[in-house]
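Just so we're on the same page: letters track the sequence lines, and every chain starts at 1.
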Amino acid sequence: GENVEQHPSTLSVQEGDSAVIKCTYSDSASNYFPWYKQELGKRPQLIIDIRSNVGEKKDQRIAVTLNKTAKHFSLHITETQPEDSAVYFCAAQFTGTASKLTFGTGTRLQVTL
Amino acid sequence: DSGVTQTPKHLITATGQRVTLRCSPRSGDLSVYWYQQSLDQGLQFLIQYYNGEERAKGNILERFSAQQFPDLHSELNLSSLELGDSALYFCASSVGAVSNQPQHFGDGTRLSIL
C-alpha cells in the first residue's frame, strides 16, 4: 500500500532563513503531491501542489520539487516569517479510480525572531 | 474560507453513544472525503464518496458508516463510541473522483468521548 515518510518532525529556523521539509513515497504510481499547512486547531490548508509530469513548482516564497526516480519531494520556504509557524503535511495520491490522499506524519515548523 | 462546511464544530458525548457528523462540499464539487486526525495517528483517510456512490474505503471501522445524499452533502455516522474515537474529523471535497485534483478541507468536527 501507499506509505509517505516525512522529515524532520520538528524544525526551528530564524526569521529570514529558509526551511526545507522532505518526503518520500512508496508507490511509484503516485502522481499528485500536495502540501498542506495546518495551524493549531484549524483545518489543513492547501498551500502548493505538484503533479508527476512537473519537476518543480514555485509560488512566491514557497517551492516544491519532485524527483520521481528517487520517489521523493520537498517543500522549500524562503525568507521565513513568524506566520509561517505551523505544522506542514505532505501527501501523495495514487493514480487510479480513487483519489484518497496518504499523508506524511507532519513537520512542526517554528520560526523564531 | 474553503467553502466546505462541517457541522457541528464540537461534539461531546459518552462511550457507547452514536453521533452524526455533517459535511457540505464546495459548490460544484462532487467528491467528498472523510479524514480522521488524532494525536498519535496523524491524518487518516476514512472513506470517499463521488456523486452519491462510495468510491474508496480506507481505515474505517465497521462501527463507522457514511453516505452522500442527492444534494451532495455527506454524513459520517459513528456508533458504539469508544474513548479512542476522540479526534478531529475532517471532510474535504474535490471536483471529480480521479486523482490530480486539489482537495479542500472543512474546519472539522472535534469529537470528545468522555
**Request:** Heavy-atom distances under 4.5 Å only: say whether Q45(A) touches chain B with side chain, backbone, both or neither.
**Result:**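 For Q45(A), no heavy atom lies under 4.5 Å from chain B.
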**Request:** Would you mind checking which part of P34(A) comes under 4.5 Å of any heavy atom in chain B, side chain (CB onward), backbone (N, CA, C, O), both or neither?
**Result:**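 No part of P34(A) comes within 4.5 Å of chain B.
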Nearest 0.5 Å please: distance from the [atom1] atom of [X] over to the [atom2] atom of [Y].
X	Y	atom1	atom2	result
D49(A)	Q101(B)	CG	CD	11.0 Å
T102(A)	Q44(B)	OG1	CD	8.5 Å
R43(A)	D1(B)	CZ	CG	7.0 Å

**Message:** Heavy-atom cut-off 4.5 Å, strictly under: side chain, backbone, both or neither for Q37(B) against chain A?
**Reply:** side chain
**Message:** Less than 4.5 Å to any heavy atom of chain A: does that hold for the side chain of Y35(B), its backbone, both, or neither?
**Reply:**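 Side chain only.
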Does [atom1] belonging to [X] count more than 12 external heavy atoms closer than 6.0 Å?
X	atom1	answer
L114(B)	CG	yes
N59(B)	CG	no
K22(A)	NZ	no
R110(B)	CZ	no
Q81(A)	CD	yes
E83(A)	CD	yes

Provide the closest heavy-atom pair for [X] versus [Y] in the form atom of the first, atom of the second, distance.
X	Y	value
F90(B)	Q38(A)	CZ-NE2, 3.6 Å
P44(A)	F105(B)	O-CB, 3.5 Å
F45(B)	L101(A)	CB-O, 4.0 Å

**Prompt:** By side-chain hydrogen bond (donor to acceptor under 3.5 Å, both in side chains), which residues pair with E75(B), not counting sequence neighbours?
**Reply:** H73(B)
**Request:** Apply side-chain contact (heavy atoms from CB on, under 4.5 Å) to H104(B) and L46(A), showing your working.
**Result:** CA-CA 7 Å; H104(B) 297 275; L46(A) 179 67; 4.2 Å; yes
**Item:** Any pair counted as side chain to side chain donor-acceptor pair (under 3.5 Å), so long as it reaches residues 11-21 of chain B, sequence neighbours left out
**Value:** T20(B)-N77(B)
**Request:** Under the side-chain contact (heavy atoms from CB on, under 4.5 Å) rule, what do Y36(A) and Q103(B) come out as? Steps first, then yes or no, please.
**Result:** CA-CA 10 Å; Y36(A) 287 84; Q103(B) 293 181 23; 3.6 Å; yes
